[in-house]
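What follows is a set of notes on a single structure, which appears directly below.
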Protein chains: 2
Amino acid sequence: MRRTLKDVADKAGVSRSAVSRAFTEGASVSPEMRRKVLKAAHELGYSPNALASSLTTGRTKLVGLVSNNFRNPFFLEVFDLFTKELQDAGLRPLLVNLSNETEPQDSLRMMQQYSVDGVILASSTLPVGFARAFRDAGMPIVHAFGRFSGRPQVHVVGIDNVEAGRMAGRTLAERGYRKVTFLAGPEAATTTQDRLQGFREEMSRHPEIETDVAFGEAYSFVAGRTTMLDLIRHPMAEAYFCGDDVLSIGALSALREHGIRVPDDVGIIGVNDMEMSSWELIDLTTIRQPIRPMIRSAVDLMASILYDEDAVPEARLFSCDLVERGTLRPIPKG
Amino acid sequence: MRRTLKDVADKAGVSRSAVSRAFTEGASVSPEMRRKVLKAAHELGYSPNALASSLTTGRTKLVGLVSNNFRNPFFLEVFDLFTKELQDAGLRPLLVNLSNETEPQDSLRMMQQYSVDGVILASSTLPVGFARAFRDAGMPIVHAFGRFSGRPQVHVVGIDNVEAGRMAGRTLAERGYRKVTFLAGPEAATTTQDRLQGFREEMSRHPEIETDVAFGEAYSFVAGRTTMLDLIRHPMAEAYFCGDDVLSIGALSALREHGIRVPDDVGIIGVNDMEMSSWELIDLTTIRQPIRPMIRSAVDLMASILYDEDAVPEARLFSCDLVERGTLRPIPKG
DNA sequence: AAATTGTTTGAAACCGGTTGCAAGAATCTG
DNA sequence: CAGATTCTTGCAACCGGTTTCAAACAATTT
């Protein structure tokens with residue numbers, strides 16, 4: 001049976017309040033009392049019940065980590081960093097796998113039942129409304145990899161996806177590709193929409209370049225592969241901007257299967273720069289999201305809004321950069 | 001402000017006990033009372049506070065999901081399945097990232113502070129002692145991908161790694177390889193030890209085959225690659241049995257970098273069969289762990305031992321099978 | 001009609017902590 | 001040294017639920 005505060009109080013011969021205070025930083029206790037209590041607690045192997053105390057304090061230090069990207073290797077890195085950073089900040093991640101579900105109400109209710117202090121939404125595909133449902137219920141929320149907007153509706157940490165689209169377009173244009181296709185993620189995903197917008201903007205500055213779009217079913221290998229297999233049956237573009245790295249790898253796979261050489265016959269550029277993209281077998285040229293600082297920042301932001309009722313929504317944007325590897329041809333001389 | 005049981009009781013004009021009972025399956029309440037209460041609750045948007053009730057019931061339905069494998073893509077699939085299955089079983093995963101740490105005490109204490117009902121340890125590298133520390137503290141634990149032993153000390157769900165080692169050896173022998181090396185995971189990992197044992201057992205039946213071992217620093221791409229780069233500088237084997245798929249991919253990468261063709265020049269066989277191994281770019285021959293049924297079984301097992309004090313440790317073993325793809329040469333005719 | 005049994009309900013105690021309050025002890029002030 | 005001030009401590013109420021118990025009531029038996 002686990003020891004309780006009362007056991008410690010009895011053993012140390014003090015009141016229960018005294019024990020409680022001994023474990024509370026900054027509480028009004030004499031050093032002597034604290035020593036006595038901690039000694040007794042140690043001897044009994046007592047540690048306070050965080051959930052019981054949450055009843056009165058109203059804080060659990062539990063944070064919902066909600067995602068629907070459990071098939072994208074990029075998100076393994078995301079989970080690794082989030083769990084580490086949250087732990088370091090004294091918070092505990094309660095993991096929620098959204099898989100197919102896109103109705104926020106059920107998740108919201110579950111989070112409320114477990115009295116999480118806040119929610120981190122780690123998803124690049126869910127609409128803003130999803131995060132907003134949490135905010136509307138008064139739940140502190142940070143949307144990581146969410147959509148940026150001039151007047152953010154919830155706290156967002158991410159990149160400017162429109163700019164990422166522009167960067168992709170610029171990169172392809174610079175290398176002299178004249179016919180390019182955006183092999184995008186799901187049409188409904190905000191990242192898809194934004195990157196498409198940026199890509200088109202940039203392309204409108206190069207009227208000599210023929211531009212097209214195709215949508216994948218998901219950010220997944222299979223989607224990248226099947227979409228590319230489909231594209232192969234039509235007249236091919238010279239280069240493909242893929243919605244993310246895992247789509248790129250699927251596309252690469254389809255191309256190699258058909259003996260189409262990369263980058264000699266067609267070029268590929270992705271987004272994310274997950275660890276795997278640097279593997280020599282893959283060697284993908286891609287637009288890098290700086291996830292370390294992003295995630296650190298998301299956790300900081302969460303920590304700062306947790307107990308601050310009227311924090312005003314803030315967007316923290318990070319800039320991407322191009323990581324040149326072996327799937328695009330070099331910039332032509334002169 | 002969140003609604004409480006009292007709000008509902010007031011609104012419905014009944015006692016607090018009545019409200020509590022209305023939300024408890026099988027409690028002694030008249031249908032009429034229940035209807036009245038649920039109606040009031042619905043109107044107020046009330047949902048019970050799971051943590052408050054855990055105080056009296058002693059059950060939180062929280063399950064610690066503890067792992068130190070956050071860099072191995074195989075485990076993304078593992079997390080995906082575990083979170084889904086746990087959710088379906090009405091349990092909530094509290095994720096713990098062990099990263100470097102290997103002392104169970106801190107994690108144990110954290111789990112106790114949050115009153116988790118049980119712990120699932122998802123790791124193929126931690127020693128049995130780690131799981132035992134939880135058991136000794138009276139914490140229900142299931143070690144997934146843990147070490148099998150004739151008399152299990154904690155509940156284990158896994159494969160027979162000795163048999164997997166034998167299977168690898170047999171597979172290589174059948175294909176006529178005469179010089180083989182086990183490119184293993186970390187020397188201290190139980191999986192390494194067991195697979196090595198099985199591999200050696202099988203090889204002792206083929207004295208004509210020359211056998212060797214090398215250890216990687218981790219189950220990771222980088223470890224596979226650097227270990228293989230090192231092996232390349234010495235006289236090479238004809239085939240390599242790699243400790244897992246991600247090691248295999250690292251090894252493949254090193255080989256291709258050096259223009260060594262697979263399977264023409266050397267063969268590679270891995271363990272796990274993660275999704276990625278079937279990608280055409282990789283096309284890895286490997287020994288498949290049936291993780292879907294394994295994880296389902298682990299969650300069932302957890303559910304069954306959660307509230308059963310004296311469940312006796314049980315090992316649930318699953319059998320592996322060979323998935324033939326393109327990194328081993330075929331069985332010679334005749 | 002009385003006695004027995006079963007069902008439904010509310011009061012009150014409890015789960016393991018925290019905290020406002022007041023009283024007592026210790027320290028400071030002039 | 002008396003009086004004012006600050007620290008320290010225990011009591012008791014409370015957080016949001018559950019559960020034991022006994023009372024009230026209904027249904028059944030004799």
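Quick caveat: nothing in here was measured; it's all calculated off a predicted structure. Chain naming here is simple, since letters A, B, ... match the order of the sequence lines and numbering starts at 1 in each.
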Side-chain donor/acceptor pairs under 3.5 Å, residues 20-30 of chain B, sequence neighbours excluded:
{"unit_1": "B:T24", "atom_1": "OG1", "unit_2": "B:S20", "atom_2": "O", "d": "2.8"}
{"unit_1": "B:S30", "atom_1": "OG", "unit_2": "B:M33", "atom_2": "N", "d": "3.1"}

| query | If we ignore angles and hydrogens, is there a donor and acceptor under 3.5 Å between the side chains of A:T191 and A:N161? | reply | no
Polar pairs (N or O, both sides) under 3.5 Å between protein and nucleotides 12-16 of chain D?
{"unit_1": "D:dG16", "atom_1": "N2", "unit_2": "B:A52", "atom_2": "O", "d": "3.4"}

| Residues that A:T190 engages under side chain to side chain contact (heavy atoms under 4.5 Å, CB included), provided they are two or more places apart | A:R147
| Can you list every side chain to side chain donor-acceptor pair (under 3.5 Å) pair that touches residues 84-98 of chain A, not counting sequence neighbours? | A:E85-A:R296, A:N97-B:D80, A:N97-B:T83
| message | Without decimals, in angstroms, what is the distance between B:L51 CG and C:dT18 P? | response | 15 Å
| With A:R2, which residues qualify under side chain to side chain donor-acceptor pair (under 3.5 Å), at least two apart? | A:S47
| query | Do the charged groups of B:K39 and B:E43 touch, with an N to O distance under 4.0 Å? | reply | yes
| request: Measure from CD on B:E25 to P on D:dT18 and round the result to the nearest Å. | output: 13 Å
| Contact check, side chains of B:F74 and B:N69, non-hydrogen atoms, under 4.5 Å | no
Grab the N/O contacts between the protein and nucleotides 5-9 of chain D below 3.5 Å, and write none if there aren't any.
{"unit_1": "D:dT9", "atom_1": "OP1", "unit_2": "A:S30", "atom_2": "OG", "d": "3.0"}
{"unit_1": "D:dT9", "atom_1": "OP2", "unit_2": "A:S30", "atom_2": "N", "d": "3.0"}
{"unit_1": "D:dT9", "atom_1": "OP2", "unit_2": "A:S30", "atom_2": "OG", "d": "3.2"}

| Pick one: which of B:F70, B:F145, B:F82 meets ring-ring contact (aromatic ring centres under 6.0 Å, His included) with B:F75? | B:F145
| request: For A:Y114 and D:dG17, give me the distance from atom OH to atom P, rounded to whole Å. | output: 13 Å
